[in-house]
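Residue numbers start at 1 and run along the sequence shown.
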Amino acid sequence: MSAPQKFDEGRLAQVLVAPIISEKATRIGEKQNQVLFKVLRSATKPEIKAAVELMFKVEVASVSTLVQKGKAKRFGRTMGRRDHVKKAYVSLKPGQELNFSGESA
């Protein structure tokens with residue numbers, strides 16, 4: 001990855017669906033300077049990195065992703081399933097910080 005890639009800004013605006021704010025996410029944020037996001041299933045790691053850097057003006061060290069399988073749920077007598085969710089663990093470079101409380105999304 002020698003040259004920086006160009007992404008469509010309209011696409012980058014849609015890549016990040018929502019920040020994940022939970023006890024686990026808070027603990028990881030404090031210990032490893034990482035932030036969790038719910039992202040589009042089709043999003044790639046370079047896209048996620050570019051989107052976070054564009055939206056929050058921070059430097060990203062690395063991105064790890066995982067796809068969480070949707071739970072099987074019953075609706076009356078029929079079985080259904082929640083959608084699968086892709087999560088991104090975004091590691092920020094030392095000294096970088098992301099604060100959701102001061103921003104209106």
Side-chain angles (χ1 to χ4, degrees):
M1 290 222 249
S2 55
Q5 293 175 299
K6 297 287 180 223
F7 293 106
D8 176 33
E9 286 199 21
R11 163 93 173 137
L12 291 182
Q14 295 173 339
V15 166
L16 301 178
V17 177
I20 298 174
I21 299 170
S22 63
E23 285 186 28
K24 181 179 179 182
T26 306
R27 193 167 56 246
I28 288 172
E30 289 169 357
K31 284 203 170 105
Q32 293 155 350
N33 201 21
Q34 288 185 330
V35 188
L36 270 74
F37 287 99
K38 197 179 287 187
V39 295
L40 291 180
R41 292 266 315 279
S42 60
T44 63
K45 289 181 184 182
E47 276 182 330
I48 294 166
K49 179 178 177 176
V52 172
E53 288 180 346
L54 178 77
M55 301 285 187
F56 300 103
K57 309 288 188 265
V58 293
E59 291 181 50
V60 174
S62 65
V63 176
S64 301
T65 59
L66 65 99
V67 177
Q68 185 178 31
K69 302 292 182 227
K71 281 185 175 180
K73 298 296 252 179
R74 286 187 52 167
F75 301 99
R77 81 167 62 154
T78 59
M79 284 298 287
R81 150 164 267 170
R82 289 187 183 160
D83 287 340
H84 301 315
V85 175
K86 187 170 193 174
K87 293 181 181 180
Y89 287 74
V90 178
S91 297
L92 302 177
K93 289 187 178 173
Q96 298 289 313
E97 192 174 286
L98 240 170
N99 190 1
F100 295 114
S101 58
E103 299 180 8
S104 57

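- Note that CZ of Arg11 and OG of Ser42 are 4.0 Å apart. Values are rounded to the nearest 0.5 Å.
- Within the 4.5 Å cutoff, no side-chain heavy atoms of Lys38 are placed close to those of Lys86.
- Annotation for Val60 and Lys49: closest pair O-CE, 3.5 Å, computed over non-hydrogen atoms.
- Atom-to-atom distance recorded for Lys87:NZ and Gln68:CD is 4.0 Å, nearest 0.5 angstrom.
- In this structure, Ile48 CD1 and Glu53 CD are separated by 12.5 Å, a value rounded to the nearest 0.5 Å.
- Cluster membership check: Val15 does not share its hydrophobic cluster with Val85, using side-chain heavy-atom separations under 4.5 Å among Ile, Leu, Val, Met, Phe, Trp and Tyr.
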Task: side chain to side chain contact (heavy atoms under 4.5 Å, CB included) between Arg41 and His84, intermediate numbers included - done: CA-CA 8 Å; Arg41 292 266 315 279; His84 301 315; 3.6 Å; yes

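- Minimum interatomic distance between Ser91 and Gln34 (heavy atoms only, all atoms of both residues): OG-NE2, 2.8 Å.
- Val17 and Ile20 fall into different hydrophobic clusters, defined by Ile, Leu, Val, Met, Phe, Trp and Tyr side-chain heavy atoms under 4.5 Å apart, directly or through other members.
- When the side chain to side chain donor-acceptor pair (under 3.5 Å) test is applied to Arg82, no partner is found at least two apart in sequence or on another chain.
- In terms of hydrophobic clustering, with Ile, Leu, Val, Met, Phe, Trp and Tyr side chains grouped at heavy-atom distances under 4.5 Å, Val90 and Val58 are assigned to a common cluster.
- The side-chain heavy atoms of Phe56 and Leu16, taken from C-beta on, include a pair separated by under 4.5 Å.
- Between the OG atom in Ser22 and the CD1 atom in Ile28 there is a gap of 7.5 Å [rounded to 0.5 Å].
- Atom CG of Asp8 sits in a crowded spot, with more than 12 heavy atoms from other residues, nucleotides or ligands closer than 6.0 Å.
- Within the model, atoms OG of Ser64 and NZ of Lys45 stand 5.5 Å from one another, a figure rounded to the nearest 0.5 Å.
- In the hydrophobic clustering of ILVMFWY residues, with side-chain heavy atoms under 4.5 Å counting as a link, Leu66 and Leu36 come out together.
- To the nearest 0.5 Å, atoms OG1 (Thr65) and CZ (Phe37) are separated by 14.0 Å.
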